[in-house]
*Asks:* 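Structure provided below as structure tokens; questions to follow.
One-based numbering, in listed order, for ligands and for the atoms of each. Quick note: numbers below take in every heavy atom, side chains included, and nothing from hydrogens, waters or symmetry partners.
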Amino acid sequence: MKSTHITGLSAEELSQFVTEMGEPDYRARQIFSGVHARRLTAFDAMTDLPKELRARLQEQASISTLRLESRYLSSDGTRRYLFKTHDDYPVETVFIPEERRDTICFSSQSGCPLQCTFCLTAQLGLLRNLTAGEIVEQIIYALNDSYGVGVPTPKGTNLVGMGAGEPFLNFAELMKAIRIMNEPSGLYIVPNRITVSTAGIVPRIRELATISNRPRLAISLAAPTDELRDELMPINKKWSIRELMAACKEFEKSLKPNERFTFEYVMLRDVNDSDEQAAQLAKLINRYDVRAKVNLIPHNPAEPLPYQPSSMPRVEAFRKILEAKGVAVFVRRPRGRDILAACGQLAARSAGGDMPAASATRSDERRIA
Ligand code: SAH
């Protein structure tokens, strides 16, 4: 793909691109709105542009580069999209409908270089970083598929950077995508509605704290001690829990009055889910006195991961211990497990729940559910 990927250009870059084409600046605004506000995926649909200009754009630039390979629909309404990039790398995006608001979970990398032992994506290794345009395209695709092309999002849809990859190892492109999506004349998804999750890339946690209008932060913890975390999340050997917590304290200074950050704790049966470990976790959080909540995520099993999810009574007992020690704690309900769309299950695999590419509407969900 040699042409310019329009979807990944900031408003200023698009302006420059249009100027170089010898066109007046207002064309840039029309194109930006066409791609991001109206969510059009072909220049030909931008009927406010002269035909001749559309033809030239068609030659020099592209809007959509991701090719949909498969789409899976879970019995709980969750949708997983498996795309291929122009150079054939897998990208996965998950749409999670909820009572109050919907959530789109996007990927920041194809594959992942981190080797968390409980996560299936790790088995792919890092294939490559995604560009800002490829990140934005995932969201545009999921919005169009779920609500209809150009239809305004009916609720305050949230984004989470919790798909494949480590967002903080692709920081510049991630932040650029977030800036593009924040444009009021475009998607207008404000960073406050976006949460990015990191396995603990300490320098980037510190950097995020310095960015005004930044997204919210989640940190995958998975263990209360270095000994266990070294084993489950080898990135811990580079930045220990102590260094991670020091960065959290720094980040805490950037929190808005009612904001908290999140620790994600995947619950692995007989590995990290004992009463003692709950007490250790509470002690850790209380020792550093961080303004954080804990999300307990029952492990989503997938062959050949060597773990089982904790039983619900175990999760509940663990939760109660944290709560009794004053820690804000929530249990996350697994979504889309049956189509390998849940946390830690994204590995470009096929699964049940295939649905035809042309018939994605809310009525389908009702029909199939
Ligand atoms: N690399 C980033 C982004 C991925 S987020 C990070 O580590 O935060 C994915 C979330 O799902 C993380 O909190 C991770 O701990 C969790 N997770 C990974 N594998 C899982 C699994 N098999 N079951 C449940 N949660 C899992």
*Asks:* Mind checking whether Asn300 contacts ligand 1 via backbone (N, CA, C, O), side chain (CB onward), both or neither, at a 4.0 Å heavy-atom cut-off?
*Replies:*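 Both the backbone and the side chain of Asn300 come within reach of ligand 1.
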*Asks:* Going by the atom numbers of ligand 1, which of them fall below 4.0 Å from some non-hydrogen atom of Glu264?
*Replies:*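 Those atoms are 10 (C), 12 (C), 13 (O).
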*Asks:* Check Leu120 against ligand 1 and report side chain, backbone, both or neither, counting heavy atoms closer than 4.0 Å.
*Replies:*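 For Leu120, there is no contact with ligand 1 at all, from either part.
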*Asks:* Any carboxylate oxygen within less than 4.0 angstrom of a Lys/Arg side-chain nitrogen, looking at Arg333 and Asp76?
*Replies:*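 The answer is no: the pair does not qualify as a salt bridge.
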*Asks:* With a 4.0 Å cut-off on N to O distance, would you call Lys176 and Glu173 a salt bridge?
*Replies:*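 Judged by the 4.0 Å cut-off on N to carboxylate O distance, Lys176 and Glu173 do not form a salt bridge.
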*Asks:* Does any donor atom in the side chain of Tyr307 or Thr117 lie under 3.5 Å from an acceptor atom in the other side chain?
*Replies:*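 There is such a pair between these side chains.
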*Asks:* Tell me yes or no: between the side chains of Thr225 and Gln280, is some donor less than 3.5 Å from an acceptor?
*Replies:*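 There is no such pair between these side chains.
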*Asks:* Mark the output for Gly165 as yes if a heavy-atom distance to ligand 1 is under 4.0 Å, and as no if none is.
*Replies:*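 It does, in that a heavy atom of Gly165 comes within the 4.0 Å cut-off of ligand 1.
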*Asks:* Near Gly163, which atoms of ligand 1 are under 4.0 Å from a heavy atom of that residue?
*Replies:*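 That gives atoms 4 (C) of ligand 1.
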*Asks:* Can Lys84 and Glu69 be counted as an ion pair, charged N to O under 4.0 angstrom?
*Replies:*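 Looking at Lys84 and Glu69, the cut-off is met.
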*Asks:* Return the residue, atom name and 0.1 Å-rounded distance of the protein heavy atom closest to atom 19 (N) of ligand 1.
*Replies:*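 For this ligand atom, the closest protein heavy atom is Gly344 CA, 3.1 Å.
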*Asks:* Check ligand 1 against Met162 and write out every atom of the ligand that is under 4.0 Å from a heavy-atom position of the residue.
*Replies:*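 By the 4.0 Å cutoff, the relevant atoms are 4 (C), 5 (S), 9 (C).
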*Asks:* Just which atoms of ligand 1 are under 4.0 Å from any heavy atom in His299?
*Replies:*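 This gives 21 (C), 22 (N), 23 (N), 24 (C) as the contact atoms.
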*Asks:* Under 3.5 Å between some N or O of ligand 1 and some N or O of Leu305?
*Replies:*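 N/O-N/O distance under 3.5 Å: no.
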*Asks:* Check ligand 1 against Ile297 and write out every atom of the ligand that is under 4.0 Å from a heavy-atom position of the residue.
*Replies:*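 The list of qualifying atoms is 24 (C), 25 (N).
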*Asks:* Give the residue and atom name of whichever protein heavy atom lies nearest to atom 13 (O) of ligand 1, and the separation in Å to one decimal.
*Replies:*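 For atom 13 (O) of ligand 1, the nearest protein heavy atom is Ser220 OG, 2.7 Å.
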*Asks:* Heavy-atom contacts with Ala199 under 4.0 Å: which atoms of ligand 1 show up? List them by number with element.
*Replies:*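 Selected atoms, number and element: 6 (C), 7 (O), 8 (O).
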*Asks:* Would you mind checking if Arg54 and Asp44 are paired as a salt bridge, meaning a charged N to carboxylate O distance below 4.0 Å?
*Replies:*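 Salt bridge present between Asp44 and Arg54.
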*Asks:* Between Glu259 and Arg214, does any side-chain N to carboxylate O distance fall below 4.0 Å?
*Replies:*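 Salt bridge: yes.
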*Asks:* For atom 25 (N) of ligand 1, which protein heavy atom lies nearest, and how many Å away is it?
*Replies:*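 Sorting protein heavy atoms by distance from atom 25 (N) of ligand 1 puts Cys343 CB, 3.4 Å first.
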*Asks:* Backbone N or O of Ser107 within a donor-acceptor pair of the Gln138 side chain at under 3.5 Å?
*Replies:*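 Yes; judged by distance alone, with no hydrogens or angles, the pair exists.
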*Asks:* With respect to Glu134, which candidate in His5, His86, Arg128, Gln109 satisfies the side chain to side chain donor-acceptor pair (under 3.5 Å) definition?
*Replies:*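 The side chain to side chain donor-acceptor pair (under 3.5 Å) with Glu134 is passed solely by Arg128 among His5, His86, Arg128, Gln109.
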